[in-house]
Amino acid sequence: MKLRATTEGRLTQFALIAIALAFLGFFLLLPLVAVFSEALKQGAGAFIAAIETPDAWAAIKLTLMIAAISVPLNVVFGIAASWAITKFSFPGKSLLITLIDLPFSVSPVVSGLIFVLLFGANGLFGAWLQAHDLKIIFAVPGIVLATVFITFPFVARELIPLMMEQGKDDEEAALSLGANGWQTFWHVTLPNIRWGLLYGVLLCNARAMGEFGAVSVVSGHIRGETNTMPLHVEILYNEYDFVGAFAVASLLACLALVTLVAKSVLEWRFDLHSGASH
Amino acid sequence: MNRRAFASATLAFGLVLGPVLAGCSGKSANPNAIELTNVSYDPTRELYQAINPAFAAYWKQKTGKDVTFRMSHGGSGKQSRAIIDGLEADVATLALAYDIDAIAQKGKLLPADWQKALPDNSAPYTSTIVFLVRQGNPKGIKDWADLVKPGVQVITPNPKTSGGARWNFLAAWAYGKKAGGSDAAAEAYVRKLFANVPVLDSGARGATTTFVERGIGDVLISWENEAFLAEKELGKGKFQIVAPSISILAEPPVAVVSANAKKHGTTEVADAYLRYLYTPEAQTAIAHNFYRPRDPKVAEQFKSQFPDIPMVTVDKEFGGWGKAQKTFFDDGGVFDRIYTKK
Amino acid sequence: MSTTTLSPPRAARRWRKPSVLPGFGLTFGFTLGWLSLIVLIPIAAIFLKAAGMGWSHFLEVGFSSRALSAYRLSFGTAAAAGLVNAVFGLLVAWVLVRYVFPGKAIISALVDLPFALPTAVAGIALTALYAPNGWVGQFLDPLGIKVAFTPLGITIALVFIGLPFVVRSVEPVLADLGKDVEEAAATLGATRSQTFLRVIFPAIAPALLTGFAMAFARGVGEYGSVIFISGNMPGKTEIAPLLIVTQLEQYAYEGATAIAVVMMLVSFTILLGINAVQAAGRKRMGA
């Protein structure tokens, strides 16, 4: 009796798992299988050959670099924003949260255009940039900006509900015990939010690497220079190189999964430290 | 905000912005090598992959200088906008004159009469619009009239988003006008044609994929060079090309983007590069890539490859691209009318 | 409470309730600054551009009958996909957090896939699956169910795009929810479904709503994956972002920003509403 009240019966569990798996299989696994089967249609040799071209390598490097710059930026912002929003009360909080969400409601088609309107040759700062020979769009900084914009809300959005739910009792207790602000954050808040933060980073990273629409507007598509992996996929596809396109796409999917392995390792280590926390 | 907090906030901004701004500085140029940026549209990749090394060898022999290429491919309109917005192309090799006109008008990066700078309307290669049908031509499609028969599914991309689709539309219009004798008849024909279109892909290559890979539709209206590619490479033995009784002369133009070339000091090499496209060697490469060559001798040599189709031109039939775009494809134009009023 | 060793919140401003926690100035200032730099100023550029076109032209482009039907389609399919994701996303999150079963790590990895896969690839893969000759489409077609090139296909693409938002929003909150509350409820004689409805659901509702809102907002603007599966027939399966692209193809930047502004304002209002509902809900719960 006692057991049944805090968990579901075996049959219910089984049914729920089955439904969830069926849903995921239908909506996620099937497309993934389709991508991989296209990529491997002509054997592993063609798959490897597609990834080994210099253009593909340049795209891989650029994508990793873009993610390495934009994810930390959004992590710093996400933590700061969720601290300000969840630990203090001030009017206009809903507005601020919604403003942080804003990049989600901007179509990727437009989010590239935004930076063109600002930094393009005919944009607001275009003349000034040209006079100083600074290149933002159609160069790496533009791609970084567009990526940061697209992934802007991820970490904050992941942390806000979590920290809201946790309240601020732990931090207040730490402070009353004599810890300073940084110590409180480091030893109390951070361990509390680590899973949410990790999810935020994972999502942010995956999206940063996979973004196509906005980046495609500001990149200029110069081969070997400003083509990210998603752009390279499109190019290959438009060249009717379906095997190549899907090979690079599946590699991109794998790259995102690498972060997940990292997460599993972390999870495992933390569980050793703190025992089963729940 | 107290002073310490302010200082930390400033520091945080510095840390965050540093790497972004560091990436802004331009690349240092190597004085011995010339770099030429060619901004082109999608289907020309193989073509320029063949021509670029040949030109580099030619230029090295002629001047002793090395020239390397930065290639950019994408939808023609998108590429044109990128050049207007600051993508520093030395040469633009796009799908329609309208897109280079836009660079001249909105970007003021080259003279308005750019099309007179090179021979043959600045179009060193041409193509036309043909039909691609499934092997054996099960629906018996021979000409434009067959496309509006009930039960025939026609695949063509959306002319609002695809340059190639605009050629398709104008070719269909030219047929409708010739067959019916009036603009009204032409519109009625095109309306019937689009009633048979189940999917409007956003780009020409998307439409080809819909037809070839998804197996949708009985006939694909396509650029000739794309149709050859599909027939010879994508699905050998699965498709065949049908040449209609009338089509349109597609002239993909090339131009030196003079303002950028001047800035980079590449005017001379950019001009030589585009003129090189008219040489017999380049014309042969052009024909190998399924574009119709301009050079009469090379054209004679590849005569059997390209069927003889009577063609109208945009300039004569439609009064140039500017006018055609406005009449047919801009908001409220003929294409919109077809879909808003039934 | 002794707060002498920490930097005390000096003379807390009237608009903010006093708190013993430090760092408001730093974090709030940084948040506003970075937000303005990356989001607000760039978005202002869109409004500026749209403002340059004049009211009548703005209305003409932004509210043409074609644009209206595109908004209906985009917002409708995004809402439908958001609802599907709210239900199944919650289920997936629940299963991932609460149950142990073989292959869980792989399943968990799969959830992020829609972000990592470039949207165009997702669109192509889904079209390949659901086209009449596709793996799934060939079974649906004889039943008279058309997925590719219909609003149903658009919805499926948006379910794919939006799923991680819901799962990843709910998951951490669900994981963080201690079992003690549930045990307490159980000791007090609540049945399992009562515990779920009265104890668990209220706790995760804000996160669920957030996930829905994000999936919805993302779906409204989605372009890359949808254009492949939608068919793009004007007035029928033409999504609003496609109209923006067609405006750009005419070099009508103003027209493009007009449609963008309308979409942005609607999405923003909906998000603001959802966030306000959440805030009200929190107040009622006394948090």
Side-chain angles (χ1 to χ4, degrees), chain A residues 5-6 13 16-17 20 23 27-28 30-31 34-35 77 80-81 83-84 87-91 94 97-98 101-102 104-105 107-110 114 117-118 148-149 152 161-162 165 171-172 175-176 178 180-181 195-196 199 202-203 206-207 210 212-213 230 233-234 249 252-253 256-257 260 264, chain C residues 1 5-6 16-17 19-24 27-28 30-31 34 38-39 42 45-46 49 88 91-92 95 99 101 105 109-110 112-113 115-121 125-126 128-129 159-160 168 172-173 182-183 186 206-207 210 214 217-218 221 223-224 241 244 260 267 271-272 275-276 279:
Chain A
T6 55
Q13 278 198 20
L16 289 180
I17 293 175
F23 176 79
F27 278 94
L28 296 184
L30 218 49
V35 169
F77 167 78
W83 181 273
K87 303 296 180 194
F88 304 93
S89 45
F90 52 90
S94 294
I97 296 179
T98 313
D101 285 344
L102 203 55
F104 281 145
S105 51
S107 174
V109 179
V110 177
I114 289 175
L117 291 178
L118 279 180
V148 171
F149 179 88
F152 189 82
L162 181 65
E165 209 258 334
E171 282 82 4
E172 280 170 356
L175 287 170
S176 68
N180 71 25
W195 296 129
Y199 283 133
L202 285 180
L203 294 186
R207 190 89 170 81
F212 171 77
V233 171
E234 191 214 17
L252 195 53
L257 298 190
L260 199 104
S264 302
Chain C
M1 207 181 287
T5 51
L6 354 142
R16 169 167 75 84
K17 283 190 200 146
S19 163
V20 292
L21 293 181
F24 181 74
T27 55
F28 189 75
F30 180 75
T31 303
W34 190 236
I38 297 291
V39 178
I46 289 279
K49 191 81 184 174
F88 286 94
L91 178 66
V92 170
V95 165
Y99 303 149
F101 56 94
L110 263 184
D112 290 334
L113 181 75
F115 284 153
L117 221 50
T119 50
V121 176
L126 288 170
L129 287 175
V159 168
F160 179 85
R168 294 308 191 212
V173 180
E182 290 170 52
E183 275 159 16
T210 300
M214 291 194 294
R218 173 94 167 79
Y223 178 75
I244 298 180
S267 301
L271 288 181
L272 189 64
N275 287 332

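A note on names: the letters A, B, ... follow the listed sequences, proteins ahead of strands, and every chain is numbered from 1. For the numbers below, each heavy atom of this structure counts, side chains included, while hydrogens, waters and symmetry mates do not.
- Between C:F160 and A:F27, the distance separating the two ring centers is not shorter than 6.0 angstrom.
- With values rounded to the nearest 0.5 angstrom, C:M214 atom CE is found 12.0 Å from A:S105 atom OG.
- Only the side chain of C:L126 comes within contact range of chain A, with at least one heavy atom under 4.5 Å from a heavy atom of that chain.
- Taking CG from A:L162 and OG1 from C:T210, the interatomic distance works out to 11.5 Å, rounded to the nearest 0.5 Å.
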C:N275 vs A:D101, side chain to side chain contact (heavy atoms under 4.5 Å, CB included): CA-CA, chis, key distance, verdict: CA-CA 10 Å; C:N275 287 332; A:D101 285 344; 3.5 Å; yes

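- A distance below 6.0 Å separates the ring centres of C:F28 and A:F90.
- With a 4.5 Å cut-off on non-hydrogen atoms, A:E165 touches chain C through its side chain but not through its backbone.
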Intermediate values then yes/no, side chain to side chain contact (heavy atoms under 4.5 Å, CB included), C:W34 and A:V148: CA-CA 11 Å; C:W34 190 236; A:V148 171; 4.1 Å; yes

Test side chain to side chain contact (heavy atoms under 4.5 Å, CB included) applied to C:V159 and A:F23, step by step: CA-CA 11 Å; C:V159 168; A:F23 176 79; 4.0 Å; yes

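- Of all heavy-atom pairs spanning A:A253 and C:L113, the tightest one is CB-CD1, 3.8 Å.
- Of the atoms belonging to C:A128, not a single heavy atom falls under 4.5 Å from chain A.
- For a residue to count as touching a neighbouring chain, one of its non-hydrogen atoms must lie under 4.5 Å from one of that chain's; by this rule C:I46 touches chain A with backbone and side chain alike.
- For a residue to count as touching a neighbouring chain, one of its non-hydrogen atoms must lie under 4.5 Å from one of that chain's; by this rule A:F104 touches chain C with backbone and side chain alike.
- One distance of note links CG of C:L272 with CG of A:L102; it measures 10.5 Å at 0.5 Å rounding.
- Using a 4.5 Å heavy-atom threshold, the side chains of A:P230 and C:V121 count as separate.
- In this structure, the separation between CG on C:L21 and CG on A:L175 is 5.5 Å, given to the nearest 0.5 Å.
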Pair A:L252-C:L117, side chain to side chain contact (heavy atoms under 4.5 Å, CB included): steps then yes or no: CA-CA 7 Å; A:L252 195 53; C:L117 221 50; 5.9 Å; no

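- Between A:L16 and C:V95, the shortest heavy-atom contact is O-CG2, 3.8 Å.
- Taking all atoms of both residues into account, the shortest heavy-atom contact from C:L91 to A:A20 is CD2-N, 3.7 Å.
- Listed here is the closest heavy atom pair of A:I114 and C:A45: O-CB, 4.5 Å.
- Taking each heavy atom of A:A84 and C:T31 in turn, the nearest pair found is CB-OG1, 4.4 Å.
- Heavy atoms of C:P42 lying under 4.5 Å from chain A belong to its backbone as well as its side chain.
- One finds the OG1 atom of C:T119 at 6.5 Å from the CZ atom of A:F212 (value rounded to the nearest 0.5 Å).
- The two residues A:S107 and C:P241 come nearest to each other via the heavy atoms OG-CB, 3.7 Å.
- Atoms NZ and OG1, from A:K87 and C:T27 in turn, are 11.0 Å apart once rounded to the nearest 0.5 Å.
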